[in-house]
There are 2 protein chains.
Amino acid sequence: MKLQAPSHEEHAMPVDLRMTPQRSVVHEVLRSSFDHPTATEVFLRSKDRMSTISLATVYNCLDALIEHGLIRQVNVDRDSSRFCANLNDHVHFHCEQCGVMMDADPIEKLDVTKFWKLPQGCQVTEPAIAIRGLCPTCVDKNQKVASR
Amino acid sequence: MKLQAPSHEEHAMPVDLRMTPQRSVVHEVLRSSFDHPTATEVFLRSKDRMSTISLATVYNCLDALIEHGLIRQVNVDRDSSRFCANLNDHVHFHCEQCGVMMDADPIEKLDVTKFWKLPQGCQVTEPAIAIRGLCPTCVDKNQKVASR
DNA sequence: GATGAGATCAAGAATCATTCTAATTCAAAA
DNA sequence: TTTTGAATTAGAATGATTCTTGATCTCATC
Ligand SMILES: [Mn+2]
Ligand SMILES: [Mn+2]
Ligand SMILES: [Zn+2]
Ligand SMILES: [Zn+2]
């Protein structure tokens, strides 16, 4: 993973990203995906639109799009990174059984210092929240199995 | 990552774990470490106490100890897993600059449904919270650099 | 329109944490 | 003591990601 301390003077919006055909395709794939695909999944979907695109290029495009704030990278544990074109503030619900990942919109801002005693002198950048559980499909599936 | 749906009938406490010399050493290393070492770091520290222990065994021991609830695995993004012998309910503060990881004890229980709109029908198992920021040491270091 | 500098793309190699395999050793039960 | 399954170990395999390197493209300038 690339640790990249956000500098305070950096702008929220991209300055200049040459929107090449490959980057367009990758961006478009993500904007029309709501399941948070992995790099390989993005690669497969991109090939439908541009059969010559390579996995290396998909990784390059994802990096470029992330750096310019057009998409977000989502990590849950050490699983493959997933990617998300929803730029609104949100966290992720992750199904422990099938792996599906869904957006969860914020209701109110969480002040971490209200909930946890941070070590003296720590400066909080951002809490990373991932909500684990069972998606509706898996809840149903389990109920059916249990009642047999 | 090992996806392992927690079954409802499983017991919270370990039933039987043969406490072999290697498992003892790994456990003892973790109980005397407060910096959340990686598997390789656990391996190096274990070698001080048992020079013949192998990395494969350390991985096996960590798995066994985790499965029996004697230690916890901590993941931040896709970095190497870290391990923690603090079994009290707590979350982790992770320094973005130096990578140090510290425990943060809960003040009050967080009800995720108060803060985020979960998709209809989702069953929450557990929220995974990691707090990112700068540790006191890095805050100081940066201040000194800035004032030069 | 031609040229050159720098960005982008792409194939394949390298990396590295982790898992797997298979052979050996160990330990508790019979 | 023999048996049998578990534990240990070295080393190979895996797989996501990053790196390297050469080809290709873009676009400003001539
Ligand atoms: Mn999302
Ligand atoms: Mn801890
Ligand atoms: Zn599911
Ligand atoms: Zn630090």
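Proteins get letters first, then strands, A, B, ... in listed order; numbering begins at 1 in each.
Checked against ring-ring contact (aromatic ring centres under 6.0 Å, His included), A:His36 has the following partners two or more places apart in sequence or in another chain: A:His92. Residues satisfying the ring-ring contact (aromatic ring centres under 6.0 Å, His included) test with A:Phe115, not counting sequence neighbours, are B:Phe115.
Sequence neighbours left out, not one pair with a member in residues 126-148 of chain A passes ring pair (Phe, Tyr, Trp, His ring centres under 6.0 Å). Here salt bridge (charged side-chain N to carboxylate O under 4.0 Å, His left out) pairs that include residues 134-144 of chain B, with residues two or more places apart or in two chains, number zero.
Spacing between atom CG of A:Asp79 and atom C1' of D:dT17 amounts to 14 Å, rounded to whole angstrom units. Atom-to-atom, OH of A:Tyr59 to C1' of C:dG12 comes out at 15 Å; the value is rounded to the nearest Å. Rounded to whole angstrom, the span from the CE atom of A:Met19 across to the P atom of C:dA7 amounts to 17 Å. When rounded to the nearest whole Å, the span between CG of A:Asp63 and C1' of C:dC9 equals 14 Å. Between the CZ atom of A:Phe83 and the P atom of D:dT17 there is a distance of 6 Å, rounded to whole Å. Separating the CD atom of B:Glu41 from the C1' atom of C:dA17 is a distance of 13 Å, rounded to the nearest angstrom. At whole-Å resolution of the value, CZ in B:Arg82 and P in C:dA17 are 11 Å apart. When the P atom of D:dA16 is taken as reference, atom CG of B:Asp77 falls 18 Å away, rounded to whole Å.
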**OP:** For each nucleotide in nucleotides 3-13 of chain D, reading 5' to 3', give B when a protein heavy atom comes within less than 4.0 Å of its base, S when such contact involves only the sugar-phosphate, and - otherwise.
**Re:** ---SSBBB---

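For the pair A:Arg78 and C:dA17, the criterion of a side-chain N or O lying under 4.0 Å from OP1 or OP2 is not met.
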Side-chain polar contacts of residues 46-53 of chain B - donor-acceptor pairs under 3.5 angstrom, sequence neighbours left out - could you list them?
unit_1, atom_1, unit_2, atom_2, d
B:Ser46, OG, B:Val42, O, 2.7
B:Arg49, NH2, B:Ser32, OG, 3.2

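At a threshold of 4.0 angstrom between heavy atoms, the contacts of B:Ser81 are confined to the sugar-phosphate backbone, with no base atom among them.
Side-chain contact of A:Arg72 with A:His90: a donor-acceptor pair under 3.5 Å is present, judged by distance alone.
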